[in-house]
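Here the structure is a predicted model, which means the values were calculated and not measured. Labels below follow one simple rule: chain letters A, B, ... track the order of the sequence lines, proteins then strands, and each chain is numbered from 1.
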There are 2 protein chains.
Amino acid sequence: MAESTTGRERIVAAALRILDAHGLADLTMRRLAAELDVRASALYWHFESKQVLLAAVADRIVRAAAVAEDAEPADVALALRDALLAHRDGAEVVLSTQALALGEDMPRRRLAAALARALPQDEADGGAAILVPFVLGHASLAQQRLQAAQLGLVAPVDEHDDFRHGVEVILAGLGAPVARARQASRG
Amino acid sequence: MAESTTGRERIVAAALRILDAHGLADLTMRRLAAELDVRASALYWHFESKQVLLAAVADRIVRAAAVAEDAEPADVALALRDALLAHRDGAEVVLSTQALALGEDMPRRRLAAALARALPQDEADGGAAILVPFVLGHASLAQQRLQAAQLGLVAPVDEHDDFRHGVEVILAGLGAPVARARQASRG
DNA sequence: ACCTGAACACCGTTCAAGT
DNA sequence: ACCTGAACACCGTTCAAGT
């Protein structure tokens with residue numbers, strides 16, 4: 001049911017546009033409303049608070065991670081990272097929203113599912129509980145550093161290889177097979 | 001030089017009091033100034049912005065991690081985690097400040113130093129680059145979940161064992177010896 | 001069902017001026 | 001050296017009222 005463009009979807013899409021163009025600090029209810037040619041108070045008919053709206057934005061960021069059904073754990077982790085970095089301040093939005101149990105729990109479930117094909121279920125769950133904080137923490141730090149580097153405040157680093165190495169170390173520690181992931185798409 | 005209670009130190013201490021009592025959302029320049037019986041504008045003589053002030057707060061949170069010179073890597077990670085969780089919203093403050101290169105780089109250096117006693121220097125550096133995002137990410141998520149649990153929004157989890165397990169998996173993946181850490185101080 | 005108008009109780013920051 | 005007073009340009013949220 002429901003078209004692809006319900007009221008909430010339009011608002012979330014506008015929020016992502018502001019995020020990309022101006023960053024989280026500029027994503028205010030008033031600015032978002034202006035983007036939609038509406039007053040800020042109108043948004044409260046669709047979302048009960050800014051926090052809930054941000055959870056919906058986080059949801060959409062995470063949902064954009066394209067992962068094949070049978071993807072290797074390392075590929076799931078890389079796809080999640082790409083999705084977090086696809087929008088300015090995306091990692092921060094997802095991280096700050098994740099634990100509130102509002103913004104779905106998809107990253108953990110996808111990682112656990114991928115791990116479960118190589119490990120007993122409880123070890124797969126435990127592994128996901130390690131990979132999720134690593135992915136979110138790394139993406140958060142990487143994104144801040146990338147933005148600082150764009151302002152010339154800091155020397156740029158190759159966060160991508162760094163991230164992949166981390167995932168491989170964790171998988172090795174879990175005793176899971178570390179398949180060489182798809183071709184290196186250095187970013 | 002400098003007494004233990006310079007102007008900046010007093011302000012940072014007051015900020016930590018507000019953090020503990022009311023959380024990051026209530027840590028405003030106006031409230032902080034009121035705590036010190038001063039107007040908000042006075043704070044700008046000591047700190048050029050709220051962001052820089054928060055970096056100083058993060059610095060102090062991290063510096064409180066008590067680690068012996070010869071501590072095992074796992075103990076350093078646990079001490080950092082304890083320091084982050086010692087103040088309300090502490091992990092978030094440190095995480096959001098860390099990458100700006102303002103809030104010192106101590107966690108990484110301490111972990112790298114501990115790892116360097118068991119691994120070649122470059123592997124120790126690489127290991128620290130994995131442990132730091134894990135520690136910050138895990139503490140951030142754990143702290144949000146703990147606070148949500150206090151509000152009865154979510155079932156409480158034993159984040160402590162979860163964290164230790166993650167550290168052990170990462171150390172195992174690095175090929176570092178995983179010493180059994182000091183007595184379990186389940187919290 | 002969806003939005004406006006107006007208000008409430010706030011923000012971070014700047015800067016002349018005081019002591 | 002350190003602080004006040006006053007202002008500027010904003011915030012998130014509520015709620016009666018409109019269509």
Practice task
Indicate, with a heavy-atom threshold strictly under 4.0 Å, whether B:Thr28 touches base, sugar-phosphate, or nothing.
Solution key: sugar-phosphate
Exercise for the section: Take the protein atom CG of B:Leu43 and the nucleotide atom C1' of D:dT4, then report the distance between them rounded to whole Å. Expected result: 13 Å
Problem - Rounded interatomic separation in angstrom, taking CH2 from A:Trp45 and P from D:dG12 - result: 21 Å
Fill in the blank from the handout: Partner of D:dT19 under the Watson-Crick or G-U wobble criteria, both distances under 3.5 Å, comes out as C:dA1
Completion exercise
Picking from C:dG5, C:dT14, D:dT13, the nucleotide nearest the side-chain atoms of A:Tyr44 would be D:dT13
Completion exercise
If pairing means Watson-Crick or G-U wobble with both distances under 3.5 Å, then the partner of C:dA7 is D:dT13
Practice task
Round to the nearest Å and state the distance from A:Phe47 atom CZ to C:dC3 atom P.
Solution key: 12 Å
Exercise for the section: Could you please name the option among C:dC2, C:dG5, D:dC2 that lies closest to any side-chain atom of B:His46? Expected result: D:dC2
Problem - Rounded distance (Å) that lies between atom P of C:dC8 and atom CZ of A:Arg30 - result: 14 Å
Completion exercise
By nearest-heavy-atom nucleotide on DNA chain D, the more 5' of A:Ala42 and A:Arg31 is A:Arg31
Handout entry: Minimum side-chain heavy-atom gap A:Arg108-A:Gln98 below 4.5 Å
Key = no
Completion exercise
Atom CD of B:Glu48 and atom C1' of C:dT14 are separated, to the nearest Å, by 14 Å
Problem - same_hphob_cluster(B:Leu146, B:Phe134) at 4.5 Å side-chain heavy-atom cutoff - result: no
Exercise for the section: Nearest whole angstrom, please: distance from the C1' of D:dC11 to the CG of A:Leu27. Expected result: 13 Å
Exercise for the section: Taking the side chain as every heavy atom from C-beta outward, state whether B:Leu95 and B:Leu84 have any pair of such atoms under 4.5 Å apart. Expected result: no
Problem - Linked, directly or transitively: B:Leu85 and B:Val57 (ILVMFWY side chains, under 4.5 Å) - result: no
Practice task
Round to the nearest Å and state the distance from A:Leu32 atom CG to D:dT13 atom P.
Solution key: 12 Å
Exercise for the section: In whole angstrom, give the distance that lies between atom CG of A:Asp26 and atom C1' of D:dG12. Expected result: 16 Å
Exercise for the section: Using the P atom on both, measure C:dA9 against D:dA9 and round to a whole Å. Expected result: 23 Å
Fill in the blank from the handout: Contacts of B:Val38 and A:Lys50 projected onto DNA chain D by closest heavy atom; the upstream (5') one is B:Val38
Practice task
Kindly say whether, by distance alone, the side chain of A:Ser49 makes a donor-acceptor pair under 3.5 Å with the base of D:dG12?
Solution key: no
Exercise for the section: Would you check if the side chain of B:Arg8 reaches a backbone N or O of B:His46 as a donor-acceptor pair within less than 3.5 Å? Expected result: yes
